**Student:** 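I'd like to ask some things about the structure below.
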Amino acid sequence: MRKLPAAFYLTDDVIHAAQTLLGKLLVTRFDGLYTSGRIVETEAYNGVVDRASHSYNNRRTARTEVQFGKGGKAYVYLCYGIHHLFNVTLAPEGHPLVVLIRAIEPVAGIDTMLARANKSSPDNSLGRGPGNVTRVLGIHTAHSGDSLQKEISIYDDGYVLPPAEMGVSARIGVDYAGQDALLPYRFYIKGNASVSGPLKWRT
DNA sequence: CAGTGGATCGTCT
DNA sequence: GACGATCCACTGG
């Protein structure tokens, strides 16, 4: 188990980072409660030139300011008034590149996850979908801006994803982005039961 | 499995 | 004042 170093997050290659994060362990430790899950689905958001990105066209607001800082922090925002979506920020200061974590396969602290999700037994939906990822890991908008070297962190446990098992598709839920909605910026582990989206985009 | 519709509120125009 | 980088329950096949 090796925590991803601060240097990992300073890349400008958001596509490669989104691919590399597949198979890594996303870990939280809040109030002594340890939970972790393997990242099985990601999406790249390519900053100022990406219509699907909150920072498109260099738009800076209080909400998106974290994206413009040095990479290696959490960017968490509220979606549809209900769901908290967790992103990893990347790149040196001034480059608002992020990777959305869309699904995890629960690994440790399953009882805690079940309690947070108000469920009694584990199933494939526990870490499926970006809203569920934050729910079971206990992440919410107040954590936006937090370092990924503290309560929230990402580990490499030696898992290696065979290249043939990585799936690629367009991103989900970004129809408003015009042509950019078609970009092949979503990455997932083929056949993994925790991956979200339509069946054809899970196999 | 696919399709539909309600929930719910911070953010930006 | 409109609208989401979504989820769930429910319908029908």
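These numbers come from a predicted model, not from an experiment. In the text below, chain A, chain B and the rest are named by the order of the sequence lines, each starting its count at 1.
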**Student:** Is the closest side-chain heavy-atom distance between A:Ile154 and A:Gln149 below 4.5 Å?
**Tutor:**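 Contact flag for A:Ile154/A:Gln149 side chains = no.
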**Student:** Given atom NE2 of A:His83 and atom P of B:dT11, what is their separation to the nearest angstrom?
**Tutor:**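 That distance rounds to 16 Å.
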**Student:** Using a cut-off of strictly less than 4.0 Å, decide whether A:Arg63 has a side-chain nitrogen or oxygen near OP1 or OP2 of B:dC12.
**Tutor:**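 For B:dC12, OP1/OP2 do have a side-chain N/O of A:Arg63 under 4.0 Å.
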**Student:** Report yes if at least one side-chain N or O of A:Arg102 is closer than 4.0 Å to OP1 or OP2 of C:dT6; otherwise report no.
**Tutor:**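 Result: yes.
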**Student:** Does a nitrogen or oxygen in the side chain of A:Thr61 sit under 4.0 Å from OP1 or OP2 of B:dC12?
**Tutor:**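 Yes, A:Thr61 has a side-chain N/O under 4.0 Å of OP1/OP2 on B:dC12.
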**Student:** For DNA chain C, what are the stems built from at least three Watson-Crick or G-U pairs in a row, each pair having both distances below 3.5 Å?
**Tutor:**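 Listed by first number, the stems are B:1-7 with C:6-12, B:9-12 with C:1-4.
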**Student:** How many Å lie between CG on A:Leu85 and P on B:dG10, as a whole number?
**Tutor:**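 Computing the A:Leu85:CG to B:dG10:P distance gives 16 Å.
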**Student:** Nearest to the A:Leu199 side chain among C:dA5, B:dT8, B:dC1, which nucleotide is it?
**Tutor:**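 Comparing C:dA5, B:dT8, B:dC1 against the side chain of A:Leu199, the answer is B:dC1.
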**Student:** Salt-bridge test for A:Asp157 and A:Lys24: reply yes if a basic N is under 4.0 Å from a carboxylate O, no otherwise.
**Tutor:**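 Looking at A:Asp157 and A:Lys24, the cut-off is not met.
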**Student:** Answer yes or no: is there a donor N or O on one side and an acceptor on the other, between the side chain of A:His54 and the main chain of A:Thr64, under 3.5 Å?
**Tutor:**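 Between the backbone of A:Thr64 and the side chain of A:His54 there is no qualifying donor-acceptor contact (under 3.5 Å).
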**Student:** Under 6.0 Å from the six-membered ring centre of A:Tyr188 and within 45° of its axis: does the NZ or CZ of A:Arg202 meet both?
**Tutor:**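 No; the conditions do not both hold, so A:Arg202 does not lie above the ring face of A:Tyr188.
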**Student:** Any base atoms under 4.0 Å from A:Asn87, or only sugar-phosphate, or nothing? Heavy atoms, all strands.
**Tutor:**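 Base: the residue A:Asn87, judged by heavy atoms under 4.0 Å, touches a nucleobase.
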**Student:** Remember a base hit wins even if backbone is also touched, and classify A:Leu78 as base, sugar-phosphate or nothing at under 4.0 Å, heavy atoms.
**Tutor:**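 The answer is sugar-phosphate, as A:Leu78 gets under 4.0 Å only of primed atoms, P, OP1 or OP2.
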**Student:** Kindly say if A:Tyr77 contacts the phosphate of B:dT11, meaning a side-chain N or O under 4.0 Å from OP1 or OP2.
**Tutor:**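 Checking A:Tyr77 against B:dT11: no side-chain N or O falls below 4.0 Å of OP1 or OP2.
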**Student:** Taking OH from A:Tyr75 and P from B:dT11, how many angstroms apart are they, rounded to a whole number?
**Tutor:**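 After rounding, the gap between these two atoms is 9 Å.
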**Student:** Take the protein atom OH of A:Tyr56 and the nucleotide atom P of B:dT13, then report the distance between them rounded to whole Å.
**Tutor:**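 Taking OH of A:Tyr56 and P of B:dT13, I get 14 Å after rounding.
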**Student:** So, does the side chain of A:His54 form a donor-acceptor pair with the base of C:dA5 at under 3.5 Å?
**Tutor:**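 Present.
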**Student:** Please report, rounded to the nearest Å, how far the C1' atom of B:dC12 is from the OH atom of A:Tyr80.
**Tutor:**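 The answer, rounded to whole Å, is 16 Å.
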**Student:** Between the side chains of A:Arg128 and A:Ser194, does any donor sit under 3.5 Å from an acceptor?
**Tutor:**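 The criterion, which ignores hydrogens and geometry beyond distance, is not satisfied for A:Ser194 and A:Arg128.
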**Student:** Atom CG of A:Asn124 to atom P of C:dC8: distance rounded to whole Å?
**Tutor:**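 It works out to 13 Å between those atoms.
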**Student:** Between A:Arg171 and A:Asp50, does at least one N-O distance fall below 4.0 Å, as a salt bridge requires?
**Tutor:**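 Yes, this pair counts.
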**Student:** Atom CD1 of A:Ile82 to atom C1' of B:dG5: distance rounded to whole Å?
**Tutor:**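 That distance rounds to 13 Å.
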**Student:** For the side chain of A:Tyr176, counting heavy atoms from C-beta on, which of C:dC7, B:dC12, C:dG4 is nearest?
**Tutor:**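 Closest of the options to the side chain of A:Tyr176: C:dG4.
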**Student:** To the nearest Å, how far apart are A:Lys200 NZ and B:dG3 P?
**Tutor:**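 After rounding, the gap between these two atoms is 10 Å.
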**Student:** A:Arg51 near the nucleic acid: base, sugar-phosphate alone, or nothing, with a heavy-atom cut-off under 4.0 Å?
**Tutor:**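 Nothing, no nucleic acid heavy atom in range.
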**Student:** So if I take every side-chain heavy atom of A:Arg59 and compare against B:dC12, C:dA5, B:dA7, which nucleotide ends up nearest?
**Tutor:**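 The answer is B:dC12.
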**Student:** Would you mind telling me which of C:dT6, C:dA5, B:dT8 lies closest to the side-chain atoms of A:Leu100?
**Tutor:**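 The listed nucleotide nearest to A:Leu100's side chain is C:dA5.
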**Student:** Between A:Arg38 and A:Tyr159, is NZ or CZ placed under 6.0 angstrom from the six-membered ring centre and within 45° of the ring axis?
**Tutor:**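 Yes - A:Arg38 lies over the ring of A:Tyr159, closer than 6.0 Å to its centre and within 45° of its axis.
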**Student:** Is the closest side-chain donor-acceptor distance between A:Gln67 and A:Ser55 under 3.5 Å?
**Tutor:**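 Indeed, the side chains of A:Gln67 and A:Ser55 share at least one donor-acceptor pair under 3.5 Å.
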